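As the structure is a computational prediction, the values presented were derived from the model and not from experiment. Only heavy atoms go into these numbers, but all of them, side chains included; no hydrogens, no water, no symmetry mates.
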Amino acid sequence: MLLSNTTDSLTGGGVPLSVNFDNPEDYFIFIFQILFATTCVLVAGTVVIGILATKALRLQNRFIFMLNTSICDTLVGFSVFYLGLFDVQEGYPSRNGTYNVLSSLLGVNILTFLFAQFDRYFAVCHPFIYGRFITRHFVIGINIYCWFYNFAHLLARNLLPVSKSIELYVFSIVFLQLIVLTKVVMTIKLYFVARFQLERDPPSADKESKKESLRIIIFVVISFLVLWCPSFVNIIIRFVSGRGLTFRNEATNVFAIMARLNAVCTPSVYIWGSPALREATVRTVWGRACPRCKRRVGSFHGRGDTKTTWK
């Protein structure tokens, strides 16, 4: 018999912790979840503040995509304080769950990365069409759509009967396979664009900026697929064959932890790959907490990446 996908009520009134602290592994898991959640919030939150506080970055379309994914990653970090520290099991059946709201945040990033790949492709390969039709407001609308679609789908899953909800969930898994395949194809395409097409262009600040943006999106998508695919494959195996791997809760779910690691890896790649963003985060966040950091990034100030002439 299928159990409800809604949150279960506890007779004791409170949600128990994710571990019982009966062995050393429990302490390790609990401390890891605290450090993991804190790191997500600090790293992704730094990117959010850096972009919002820097007008030169907000005017560039690619940084709008970075801002959207970093907002989502920050929320993922906050969600780990609940999913990782308490006895929570999302999915079917659910135990002390959040109606899959917190676990579905990764879906926003999946769509955002896909649109960001197409954005970089048209920006580099079709600059005239891109400059004419892909406006800043259009990009902002695309990012809002990622949130709207994700939560509209989530709302439908929670309002439908359990049997229909599971059917919709299976359909979303199939749809995600198409998205993943598209992301792989686009990643290969962007690699060849960065490797061969841009190499034929004469040296310029615009060329370096394009190479940087392609390098960032390629690294981000590859890391996302590597970390997220094990969870994706396990979900498919469980639905198709009923086997797969099961875990006591979200805190011990290795595949879910790997998927959430993207909330640290993605903003870290942003900071590593963009000198302008790195300088902005130091100036607006870390430079105030640690004045020495400003001097260490002084050499990055004023590079071509901060120019707003290229979207």
Please list, one pair per line, the donor and acceptor atoms closer than 3.5 Å that link side chains of residues 178-190 to other protein atoms, with sequence neighbours excluded.
from : atom 1 : to   : atom 2 : distance (Å)
T182 : OG1    : L178 : O      : 2.8
T187 : OG1    : Q117 : NE2    : 2.9
T187 : OG1    : K183 : O      : 2.7

Short side-chain to backbone donor-acceptor contact, [X] and [Y], under 3.5 Å:
X    : Y    : answer
T38  : L35  : no
N158 : Y99  : yes
D87  : P16  : no
T54  : L57  : no
N262 : A259 : yes
E250 : E90  : yes
S231 : A256 : no
S165 : V162 : no
T74  : G45  : yes
N253 : F247 : no

What closest approach, in Å, do [X] and [Y] show between heavy atoms, and which atom pair accounts for it?
X    : Y    : value
R278 : G273 : NH1-N, 4.5 Å
A251 : G84  : CB-O, 3.2 Å
Q177 : I236 : NE2-CD1, 3.9 Å
S18  : N249 : O-ND2, 3.0 Å
N150 : S104 : ND2-O, 3.1 Å
L176 : F232 : CB-CE1, 3.9 Å

Can we call the ring centroids of F122 and H126 under 6.0 Å apart?
-> yes
Please round to the nearest 0.5 Å and tell me the distance separating atom CG of L17 and atom CG of L85.
-> 7.5 Å
Atom SG of C229 and atom CG of N234: how far apart are they, to the nearest 0.5 Å?
-> 12.5 Å
Contacts of F78 that satisfy ring pair (Phe, Tyr, Trp, His ring centres under 6.0 Å) - sequence neighbours left out | none
Only residue of V108, L154, L111, I144 satisfying side chain to side chain contact (heavy atoms under 4.5 Å, CB included) with Y149 is L111
With sequence neighbours excluded, residues passing side chain to side chain contact (heavy atoms under 4.5 Å, CB included) with V226 | I222
[X] vs [Y] side-chain heavy atoms within contact, under 4.5 Å:
X    : Y    : answer
R136 : N61  : yes
I216 : M66  : yes
L245 : F255 : yes
V139 : R62  : no
R260 : C40  : no
F151 : V101 : yes
W147 : C72  : yes
R238 : T246 : yes

Pairs meeting criterion side-chain hydrogen bond (donor to acceptor under 3.5 Å, both in side chains) with involvement of residues 19-31, two or more places apart | none
Ring pair (Phe, Tyr, Trp, His ring centres under 6.0 Å): which pairs involve residues 32-59, sequence neighbours left out?
-> F32-F36
Write out all pairs satisfying ring pair (Phe, Tyr, Trp, His ring centres under 6.0 Å) with one or both partners inside residues 260-280, taking only residues at least two apart or from two chains.
-> F219-W272
Among T266, N68, T69, D73, which residue meets the side-chain hydrogen bond (donor to acceptor under 3.5 Å, both in side chains) test with N109?
-> D73
Count the heavy atoms of every other residue, nucleotide or ligand shown that sit under 6.0 Å from CZ of F21, and state whether that count exceeds 12.
-> yes
Decide yes or no on side-chain contact (heavy atoms from CB on, under 4.5 Å) for Q60 and F65, but give the supporting numbers first.
-> CA-CA 9 Å; Q60 299 184 54; F65 286 106; over 6 Å; no
Does F175 belong to the same Ile/Leu/Val/Met/Phe/Trp/Tyr cluster as F224, with side-chain heavy atoms less than 4.5 Å apart forming each link?
-> yes
Test side-chain contact (heavy atoms from CB on, under 4.5 Å) on L83 and Q33 and set out the steps.
-> CA-CA 9 Å; L83 297 177; Q33 295 293 343; over 6 Å; no
